[in-house]
Structures are given as structure tokens and as C-alpha cells.
Amino acid sequence: MDTIARADVLVTSPSRNFVTLKITTTDGVVGWGDATLNGRELAVASYLADHVVPLLIGRDPSRIEDMWQYLFKGVYWRKGPITMTAVAAVDMALWDIKGKVAGLPVYQLLGGASREGVLVYTHASGSDIPSLLDDIAQVKEHGYRAIRAQTAVPGVAGTYGVKHGAYYEPANAALPEEQSWSTEAYLDFAPRYLAEVREKFGFDFHLLHDIHHRLTPIEAARFGKSVEDLHLFWMEDPTPADNQESFHLIRQHTTTPIAVGEVLSSIWDVHHLITEQLIDYVRLSVTHAGGITHLRRIFALAELYQVRSGSHGPSDISPIGQAAATHLDLVIPNFGIQEHMGYPGLVDEVFKGGPTYADGYLHPGDAPGLGIDYDETAAATFPYSPKYLPVARRLDGSVHDW
Ligand code: EZ4
Ligand code: CO
């Protein structure tokens, strides 16, 4: 029987950090899994190398579901982003192996394509309204049918979501940068710039906006109400979802669709949001939510309540995680949209292949497994470099949700 011969945890930083799990079987089949948790990379690397790799050796790589149960239930300490990212990496690597052994792309193993391609949205941003409008014009030229629009808020130093140069890289410093925040300034400005976007470009594309957990429920309700005529595809993370019940309050006031999930990692983090129909899109990622095995269970629950998928796909999920997401997206009946932020150039030197983009859609391709390779020689030339997300402080100096 083919068993797991070895597993290696690889860390590389081709301009940003990625953690990758490589599983090799006794038959010499290699599976890749993404284990990148932005700003806490080495915690997951240690969880895998110190506590998971020794358990994998000699086990049957074809028993994906059993491996998932073993790593989730078997450890006693359940859930949380570090655990669920580590479990996800093993899960992804085993799906990659199963596909390679079968000679089939992972989406075929999951039931086959339900659509021709995966609708994606990308980011447009600006330091002010004119530069946002320019950026949207450029993004539209690349064929995107769905665009997330963010602009720096006047009087707020370092607003989240704004590109510096060609890319937006949230983990931007060796120690966390201190940024500022004013809810009043944001609530005054954001609806106005989103209105200008619709005025200039019309309604024939999906317009998305990320609130990044910055509002209270009643503030989010006010925001959602004030942009109803702009027909946003969604407002993302209007308030932290630690208290799932608080979304009832937002729902009572606005028909602006709601998307939640990028910082969450298990079905238990969203089950109330889903079963009470408090959100429209669930945004957990394959990489941070226990892999394909767990995320497809979350999407299956969501389908019963007409909640669609909208997975997180930032540059801090590696191309392996993005490939895995694209396979799942192609199959599930309640797919909504997939985030596709893209990567800085050096990332291509390490990660080879992966989904292809055309005309606003991604396709995972038909190579066996996940369809992506990792160049270990290139990766070794980009050593780990500490990179942290910023923190946000209100104008009085107190810490706000980032
Ligand atoms: O700030 O992934 O929707 N996307 C986002 C991201 C997050 C980063 C944090 O690691 O909000 O840009
Ligand atoms: Co977000």
C-alpha cells in the first residue's frame, strides 16, 4: 500500500511570506498544501512540523475524510485559525495526491464542473476619488466583471484596502504599522465615493465594498441603507462576527447584501449566520477553514439557506490555496463569486501553473490534482521575512478593529 513517506514544511518569502506543506508518498507522489496565515506564519509552520508531520508518516494518503477527523477530533483542542490552517494544508495536499493518483483534476473528484468558469472580483482603490476612478477603468480593461472599490478616507492616515503602487499588500512592515480610524469620516465619505463610481461607470458590473469590521451593527445598518440605490453586490464584514446574533440588527434595516467569513475558520463560526439567513455570502477560504473537506461542508449547509459562496482570495493565500478554491468553486451549486487579488511578480518564480484567468473568470485547468507546482530551489532563495498587518487606532489613540 502507498503510504505517506515524508512531509516537509517549507517557508518562502518572494516579497511576501507563504507556508507550504509538501507530502510525499512511498510511490513518490507529491501533494502540495497551503498553510499561510498572514502575520502568524511560523505558528502554523511549527504546528505542522512539530505536531502534525510525525503523525502523518506511514498513514494511508487516500483516506482524506478519516485524516480530517483524526486531525480535528483526535487532538482534543479544536478549531481556531492556526489549527484549521494546519489541517487545511494536510487536506489540500491529500486531495492533490488523490487527483494525481487518479489522473484527474480535483474538481472532477468533487463531482465535476457545474459551470464553465469561476466568476472573480478583484480590487480597485485610490488615494482619492479621481485615482479610484482611474483604477476602476484599468481593472475594467482587464475584463473584470466584478470590482471591489476602496478609497483612502480624508483625515484617516493609512486606510485599509488601498494600493501603494501596483499592489495592495496589507502585511506591509516588519513590525505592525499604526494606522488611524474615524468612523464618522468613513460613514460620511464612503457612500459618496461609491455613488461616484456608479455615476461614472453605470450598473453593468458588480460593485463590492469591504468595511473590514470597522462599524457597529447600527452603524452598518445606516451604511447599508445609505447605499441601497447603488446595488452593491455586497458589503463585506460590516461588523465583527464574533457575536453572530448582532447581524439580526443589521438585517432589520437594510437590503444591501452582506458577506462575512475571511477571519473565520470553522462551520461553528458561521452556523447561526447561515441558518438564520443573516448573510448572503459566506467567505471562508479553503486555506483557513480546514481545507476542501471542511469548506465544502460549510457550503453544503449554506446551500440549504440560499447563502452563496464568496471565498477570500487575497495575496496572503498562496497560489496553492487559490488553486484549491477554484476547484471547489467550479463544482458547488451555490457558488457566488471568488476573490482574486493577484500576486506580486516574484510569486510566479516559486508557484508554477495554477488557475488561468480570462475575461472575468478563473478556471483551475485539467492537470491531475490541484494543477500547481512549487519550485523548491527558487523558494529557498527567498527566506522568511517578518511581515505584520497594521493596527488601527481611533483618533483618541484607542485600538479599533482592523
Ligand atoms: O485584509 O487578507 O477581502 N480581503 C481582505 C484582505 C485582508 C487580508 C488580511 O490578511 O480584507 O485584504
Ligand atoms: Co475583506
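As the structure is a prediction and not an experimental result, all values here were calculated from the model. Ligands are counted one by one from 1 in listed order, and the atoms in each one are counted from 1 as well.
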Please tabulate, one line per pair, the protein N or O atoms found under 3.5 Å from any N or O atom of ligand 1, giving the distance to one decimal.
from: ligand 1; atom 1: 1 (O); to: H212; atom 2: NE2; distance (Å): 2.8
from: ligand 1; atom 1: 2 (O); to: H312; atom 2: NE2; distance (Å): 3.1
from: ligand 1; atom 1: 2 (O); to: D316; atom 2: OD1; distance (Å): 2.9
from: ligand 1; atom 1: 2 (O); to: D316; atom 2: OD2; distance (Å): 3.1
from: ligand 1; atom 1: 3 (O); to: R148; atom 2: NH1; distance (Å): 3.4
from: ligand 1; atom 1: 3 (O); to: D210; atom 2: OD2; distance (Å): 3.3
from: ligand 1; atom 1: 3 (O); to: E236; atom 2: OE2; distance (Å): 2.8
from: ligand 1; atom 1: 3 (O); to: E262; atom 2: OE1; distance (Å): 2.8
from: ligand 1; atom 1: 3 (O); to: E339; atom 2: OE2; distance (Å): 3.3
from: ligand 1; atom 1: 4 (N); to: E262; atom 2: OE1; distance (Å): 3.2
from: ligand 1; atom 1: 4 (N); to: H312; atom 2: NE2; distance (Å): 3.4
from: ligand 1; atom 1: 4 (N); to: E339; atom 2: OE2; distance (Å): 3.3
from: ligand 1; atom 1: 10 (O); to: N38; atom 2: ND2; distance (Å): 2.9
from: ligand 1; atom 1: 10 (O); to: D316; atom 2: OD1; distance (Å): 3.4
from: ligand 1; atom 1: 10 (O); to: D316; atom 2: OD2; distance (Å): 3.1
from: ligand 1; atom 1: 11 (O); to: D210; atom 2: OD2; distance (Å): 2.9
from: ligand 1; atom 1: 11 (O); to: H212; atom 2: NE2; distance (Å): 3.0
from: ligand 1; atom 1: 11 (O); to: E262; atom 2: OE1; distance (Å): 3.1
from: ligand 1; atom 1: 11 (O); to: E262; atom 2: OE2; distance (Å): 2.9

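Ring pair Y47/W77: centre-to-centre distance not below 6.0 Å.
Under a 4.0 Å N-O distance rule, the pair D229/R198 does not qualify as a salt bridge.
The ring-ring contact (aromatic ring centres under 6.0 Å, His included) search around Y160 returns H212, not counting sequence neighbours. In this structure, the side-chain contact (heavy atoms from CB on, under 4.5 Å) partners of Y384, at least two apart in sequence or on a different chain, are V11, N17, E41, L42, P386.
With 3.5 Å as the limit, one finds no donor-acceptor pair spanning the side chains of D27 and T25. In this model, no donor atom of one side chain and acceptor atom of the other lie less than 3.5 Å apart for H312 and R283. When only modelled atom types and interatomic distance are considered, E116 and H363 share no side-chain donor-acceptor pair under 3.5 Å. For the 3.5 Å distance criterion, the side chains of E228 and T254 qualify, holding a donor opposite an acceptor.
A cation-pi contact, defined as under 6.0 Å to the ring centre and within 45° of the axis, links K140 to F205.
Counting only distances under 2.8 Å, and ignoring water, the protein N, O or S atoms around the Co ion (ligand 2) are D210 OD2, E236 OE2, E262 OE1.
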